[in-house]
Amino acid sequence: MVCSALRRAAQVHAYLVRKSSSVSKGHHCQALGSRPAASESAARGAPGGMVELLGKSYPQDDYSNLSRKVLSKVGRNLHHQQHHPLWLIKERVKEHFYKQYVGRFGTPLFSVYDDLSPVVTTWQNFDSLLIPADHPSRKKGDNYYLNRTHMLRAHTSAHQWDLLHAGLDAFLVVGDVYRRDQIDSQHYPVFHQLEGVRLFSKHELFASIKDGESLQLFEQSSRSACKQETHTMEAMKLVEFDLKQTLTRLVSHIFGDGLDIRWVDCYFPFTHPSFEMEINFHGEWLEVLGCGVMEQQLVNSAGAHDRIGWAFGLGLERLAMILYDIPDIRLFWSEDERFLKQFRVSDINQHVKFQPFSKYPAVINDISFWLPSENYIENDFYDLVRTIGGDLVERVDLIDKFKHPKTHKTSHCYRITYRHMERTLSQREVRHVHQAVQEATVQLLGVEGRF
């Protein structure tokens, strides 16, 4: 049984490499803005092999699930590309923090780390953040694993513990993050996050409070909806106030003064209480970031026992799409001058509204199949479609589910929308890509085709 699984994993890799290569070479359908894969030998789960990534080798096992599509994006670092819209957002945030928050000696209070490796351990990505072993966010179907112990980070929070442990108490982390997800104009397997953390000592938090010397950061009580069991109510309220004030200033700097903002209670394993910020932009409420008071257990484990703090995380693509009116997340990977030249501005704070250079017609094809009796993961299908179709695939929608009354087998029907960002696609070349998707779905996911 194990040997069979190993053979199947190797076949998966060989098939995907062959199919995605033939599609891109034979019909010029290579992903918009893509480059050759980081490693042709990078296997989608081929135990016994090795993944070569960023100058290091990682042994593969039954958790390895990196696709050529995703590997080709590692190292692109769009947030370093001058005048790219993601670079503009990053620089605007940095400028704001540098000017607004200055240390005792006139130097910026916040350190910025924007070149940390996206390869992290599962301990960094999950355990250091108190994410339980059975938490759904750890699922293989939602993440890109090199093997059972290493992965492409799913969030920039993966570096939080290390930086705290190094003695830092105010920092920003910017970088590319990777998640397996649905396919539409808002989701892409690679996107970019900016993380902020600030810790306070007792003196720093209570310095401006009358009779603050008598106040304490910590106590032993019970956890409630509004505070942790180890925090005093006074300390928690001040940290929450500072967090919300800091983020309100940030989004006002980016989107302009007079912005309507509201806070929504939510849950994150590594903060409590936790909030999402929503802004009213052009009459629509939009969620722009998540934040909260850091779990004291996390802070203590990193060695900052006498500190209390907050953390926030935001998506650069999310902000850029709202601010610059960019309609499709695939555009961020475009190398088309008609896109890039619109963001070559002399001032990073200059107002830019993206002007679509054309919207080429879509070509739509459906695919239906009977699901296997077990082990079907929808994100495996989405990842396979992305690997073969690349950025030609605009969106994938599950349009029909059917359960056979006699066999009890379940059928899914997906609608795949193909659209090139720079030219018109012919039905003939899309048919070639779509047939490759159909074949790969049967070969690799164990489904029974209905086409």
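In this text the structure is predicted, and so the values were computed from the model without any measurement. Numbers for residues simply follow the sequence, beginning at 1.
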Worksheet item: When you look at CZ of F241, are more than 12 heavy atoms from neighbouring residues, nucleotides or ligands closer to it than 6.0 Å?
Response: no

Judged by atom type as modelled, is there a donor-acceptor pair below 3.5 Å linking the side chain of [X] to the main-chain atoms of [Y]?
{"X": "R179", "Y": "A154", "answer": "yes"}
{"X": "R419", "Y": "Y360", "answer": "yes"}
{"X": "Q297", "Y": "L130", "answer": "no"}
{"X": "Q342", "Y": "Q355", "answer": "yes"}
{"X": "H272", "Y": "S224", "answer": "yes"}
{"X": "K140", "Y": "D62", "answer": "yes"}

Closest approach of [X] and [Y], non-hydrogen atoms and distance?
{"X": "P269", "Y": "H135", "value": "CG-NE2, 4.1 Å"}
{"X": "H84", "Y": "L340", "value": "CD2-CD2, 4.3 Å"}
{"X": "A235", "Y": "I308", "value": "CB-CD1, 4.0 Å"}
{"X": "A440", "Y": "L384", "value": "O-CD1, 3.7 Å"}
{"X": "L152", "Y": "L53", "value": "CD2-CD2, 3.9 Å"}
{"X": "H187", "Y": "I329", "value": "O-CG2, 3.6 Å"}

Polar contact flag, side-chain donor to acceptor under 3.5 angstrom, [X]-[Y]:
{"X": "Q186", "Y": "D184", "result": "no"}
{"X": "D242", "Y": "W310", "result": "yes"}
{"X": "S67", "Y": "R386", "result": "no"}
{"X": "E429", "Y": "Y418", "result": "no"}

Worksheet item: Can Q193 and H155 be said to form a side-chain hydrogen bond (donor to acceptor under 3.5 Å, both in side chains), step by step?
Response: CA-CA 7 Å; Q193 279 189 343; H155 42 209; 5.7 Å; no

Any side-chain heavy atom of [X] within less than 4.5 Å of one from [Y]?
{"X": "M236", "Y": "Q228", "result": "no"}
{"X": "Q427", "Y": "N365", "result": "yes"}
{"X": "T417", "Y": "I364", "result": "yes"}
{"X": "K244", "Y": "F275", "result": "yes"}
{"X": "Q435", "Y": "F451", "result": "no"}
{"X": "E422", "Y": "S334", "result": "yes"}
{"X": "V447", "Y": "P372", "result": "yes"}
{"X": "V177", "Y": "F191", "result": "yes"}

Distance from [X] atom [atom1] to [Y] atom [atom2], nearest 0.5 Å?
{"X": "I89", "Y": "L194", "atom1": "CD1", "atom2": "CG", "value": "10.0 Å"}
{"X": "M277", "Y": "L247", "atom1": "CE", "atom2": "CG", "value": "5.0 Å"}
{"X": "L444", "Y": "I388", "atom1": "CG", "atom2": "CD1", "value": "7.0 Å"}
{"X": "L319", "Y": "I326", "atom1": "CG", "atom2": "CD1", "value": "11.0 Å"}
{"X": "T121", "Y": "M151", "atom1": "OG1", "atom2": "CE", "value": "9.5 Å"}
{"X": "T156", "Y": "N125", "atom1": "OG1", "atom2": "CG", "value": "10.0 Å"}

Worksheet item: Which word best sums up how the rings of W333 and H192 line up, parallel for under 30°, tilted for 30 to 60°, or perpendicular for over 60°?
Response: tilted

Fill in: Derivation of the side-chain contact (heavy atoms from CB on, under 4.5 Å) call for V345 and D347
CA-CA 5 Å; V345 292; D347 179 358; 5.8 Å; no

Item to complete: Decide side-chain contact (heavy atoms from CB on, under 4.5 Å) for V393 and Y382; before the verdict, give the C-alpha distance in whole Å, the side-chain angles of both, and the deciding distance to 0.1 Å.
Response: CA-CA 10 Å; V393 181; Y382 294 144; over 6 Å; no

Practice prompt. Dump the intermediate steps for side-chain contact (heavy atoms from CB on, under 4.5 Å) on D176 and R76, then the final yes or no.
Written response: CA-CA 9 Å; D176 44 334; R76 287 285 300 276; over 6 Å; no

Looking at [Y] and [X], is there a salt bridge between them, counting it only when a charged N and a carboxylate O are closer than 4.0 Å?
{"X": "E378", "Y": "K139", "answer": "no"}
{"X": "R344", "Y": "E337", "answer": "yes"}
{"X": "D380", "Y": "R180", "answer": "yes"}

Item to complete: Show your working on salt bridge (Lys or Arg N to Asp or Glu O under 4.0 Å) between R330 and D391 and close with a plain yes or no.
Response: CA-CA 7 Å; R330 292 177 299 164; D391 286 355; over 6 Å; no

Worksheet item: Does I348 have any side chain to side chain contact (heavy atoms under 4.5 Å, CB included) partners at least two apart in sequence or in another chain, and if so, which?
Response: W87, L88, E91, R92, E95

Taking the ring centre of each residue, are [X] and [Y] less than 6.0 Å apart?
{"X": "F339", "Y": "F354", "value": "yes"}
{"X": "F381", "Y": "Y376", "value": "no"}
{"X": "Y324", "Y": "F343", "value": "yes"}

Worksheet item: Among Y58, Y63, Y144, which residue meets the ring pair (Phe, Tyr, Trp, His ring centres under 6.0 Å) test with H150?
Response: Y58

Item to complete: Kindly state each residue pair satisfying salt bridge (charged side-chain N to carboxylate O under 4.0 Å, His left out) with at least one member in residues 111-135, sequence neighbours excluded.
Response: K90-D114, D127-R138

Response to the item:
Across all chains, not counting sequence neighbours, the ring pair (Phe, Tyr, Trp, His ring centres under 6.0 Å) partners of Y101 are F97, F110

Donor-acceptor list for residues 283-294 side chains, cut-off 3.5 Å, not counting sequence neighbours:
{"unit_1": "E287", "atom_1": "OE2", "unit_2": "L289", "atom_2": "N", "d": "3.1"}

Item to complete: Could you note down all residue pairs passing side-chain hydrogen bond (donor to acceptor under 3.5 Å, both in side chains) where residues 160-174 supplies at least one of them, sequence neighbours left out?
Response: Q124-D162, Q160-E195, W161-S301, D169-R307

Discussion item. Under the criterion side-chain contact (heavy atoms from CB on, under 4.5 Å), I'd like the reasoning laid out for H253 against N349: C-alpha separation, chi angles, the key distance, then a yes or no.
Written reply: CA-CA 9 Å; H253 169 70; N349 295 302; 3.7 Å; yes

Worksheet item: What residues form a side chain to side chain donor-acceptor pair (under 3.5 Å) with D265, not counting sequence neighbours?
Response: none

